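As the structure lists them, so they are numbered: ligands from 1, and atoms in each ligand from 1. Given the structure is predicted, the values throughout are model-derived calculations rather than measurements.
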Amino acid sequence: MNLRAPRPLGPGAALLPLRLFLGITFVYAGIQKLSDPGFLHPGAPTYIGTQLHGFANGTPGGFLLRAFALPQPKLAGVGVALIEIAVGLLVTAGLLTRAAAAVGLGLNLVLFLTNSWHAYPYFLGSDIVFVFAWLPFVLTGASGQPALDTGLDRLRQSQRRPAAPGGGSLSRRDVLVRALGLAGVATLGIGGAASLAKGSYRGKRGTVSLAGGSGAPVRHPAAHRQAAAKAQLPHGAVRLGPSSRLPRGKGATYRDPRDGRPDIVVRDAGGQVHAFSAVCTHAGCTVGYEGGQIVCPCHGGTYDPKTGAVTSGPPPTGLAPKRVVESGGEIYAVPS
Ligand code: FES
């Protein structure tokens, strides 16, 4: 029997699985955001505003988020989710593949310069991998693959030939406009269905605000300086808020008095408070407190609320400990 090795695929066809993976993953990412009950709910560990603050802090792409996303975090979150769904649908169908891939690459590049910037080593943050995965499609589109773009190219070529008598077929432009309209309707339909499916956020919330609902730490006003001196608080202690706002089994985030980065303070079941950096050691997202553990909203890493040690997920190391003290019914952060 004459067994021959199968003919190798062309480079275009070999990229088809990667194109489908990117397209489906982007659709999934958009749906996952819009169907998360905490995504648009201030105070939830996965609230987009909290995530954006963490991404913008000390990263080279932070200025973009401060300019365009942080003023309207909910709008930005919904916008990004819909863009992800639209890019995913277009890439999966192979329609305007180069343009859609360029948008996908741009999105992942911004995420690499913000969300994944603190990932160490760099390849543990997935965004840089996505940037390079998009690149072949930005350069060559879906050529050599089953794709709507291929069909449209054939249509354009056939229209260059003289029309058959009585032929009234659609032009390439008509087909493109209709296909884009369909993609737009599908994006809004999928996004709307995901939003309706999410239900309301309730119950599991474990992160509270120490500072009277604004989420901002209370700076050391003169009266508190006096009280601090009386109580002999450590030098530089900054009042965060009343102890009553942090009941047992709850956590609260605040700005570190030394470097302004997010920290988290948790009161355990025994009444003791523990504080850590709230910057996830995996890729720098801001962690929250939920269901008795410290949780990272980005890739699901979890930490022990008493020690800050990693309990599951991708974070390579535990959270850096921070110092807080309670005195006179108030909680203070101590620069360390
Ligand atoms: S950033 Fe990846 S688990 Fe936190």
Side-chain angles (χ1 to χ4, degrees), residues 21-22 25-26 28-33 35-39 41 43-62 64-65 69-70 73 76-77 80-81 84 107-133 204-207 251-256 259-266 274-322:
F21 170 79
L22 290 170
T25 302
F26 256 53
Y28 174 76
I31 291 175
Q32 192 255 342
K33 286 182 182 68
S35 60
D36 175 353
F39 186 63
H41 189 99
T46 52
Y47 173 53
I48 178 63
T50 312
Q51 293 186 52
L52 288 172
H53 271 288
F55 296 171
N57 215 321
T59 59
L64 286 172
L65 302 186
L70 280 171
V80 166
E84 284 176 334
L107 204 52
N108 280 119
L109 189 59
V110 171
L111 288 171
F112 168 63
L113 295 173
T114 53
N115 169 25
S116 301
W117 186 251
H118 297 291
Y120 178 82
Y122 70 92
F123 51 77
L124 285 182
S126 60
D127 292 305
I128 189 64
V129 181
F130 273 89
V131 166
F132 283 96
K204 283 162 119 189
R205 177 173 170 172
T207 307
T253 51
Y254 61 95
R255 296 273 151 206
D256 190 285
D259 59 18
R261 304 197 74 194
D263 291 342
I264 185 165
V265 56
V266 173
H274 311 272
F276 308 96
S277 163
V279 179
C280 180
T281 58
H282 176 224
C285 292
T286 302
V287 299
Y289 184 72
E290 185 162 331
Q293 52 187 352
I294 296 174
V295 182
C296 177
C298 290
H299 312 107
T302 60
Y303 300 89
D304 185 310
K306 286 188 182 171
T307 64
V310 180
T311 49
S312 69
T317 59
L319 297 169
K322 297 287 173 175

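- Residues Thr311 and Thr302 have side chains that bring a donor and an acceptor to within less than 3.5 angstrom of each other.
- Distances from atom 4 (Fe) of ligand 1 under 2.8 Å pick out these protein N/O/S atoms: Cys280 SG, Cys296 SG.
- Scanning for side-chain contact (heavy atoms from CB on, under 4.5 Å) contacts around Phe132 gives Ile128, Leu135, with sequence neighbours left out.
- At least one side-chain heavy atom of Pro315 sits under 4.5 Å from a side-chain heavy atom of Tyr303.
- Side chains of Thr59 and Leu113 form no contact here, defined as non-hydrogen atoms less than 4.5 Å apart.
- Below 30°, between 30° and 60°, or above 60°: for Phe26 and Phe130 the angle between ring planes is between 30° and 60°, a tilted geometry.
- Two residues are said to be in side-chain contact when any heavy atoms from C-beta on lie closer than 4.5 Å; Thr253 and Asp263 fail this criterion.
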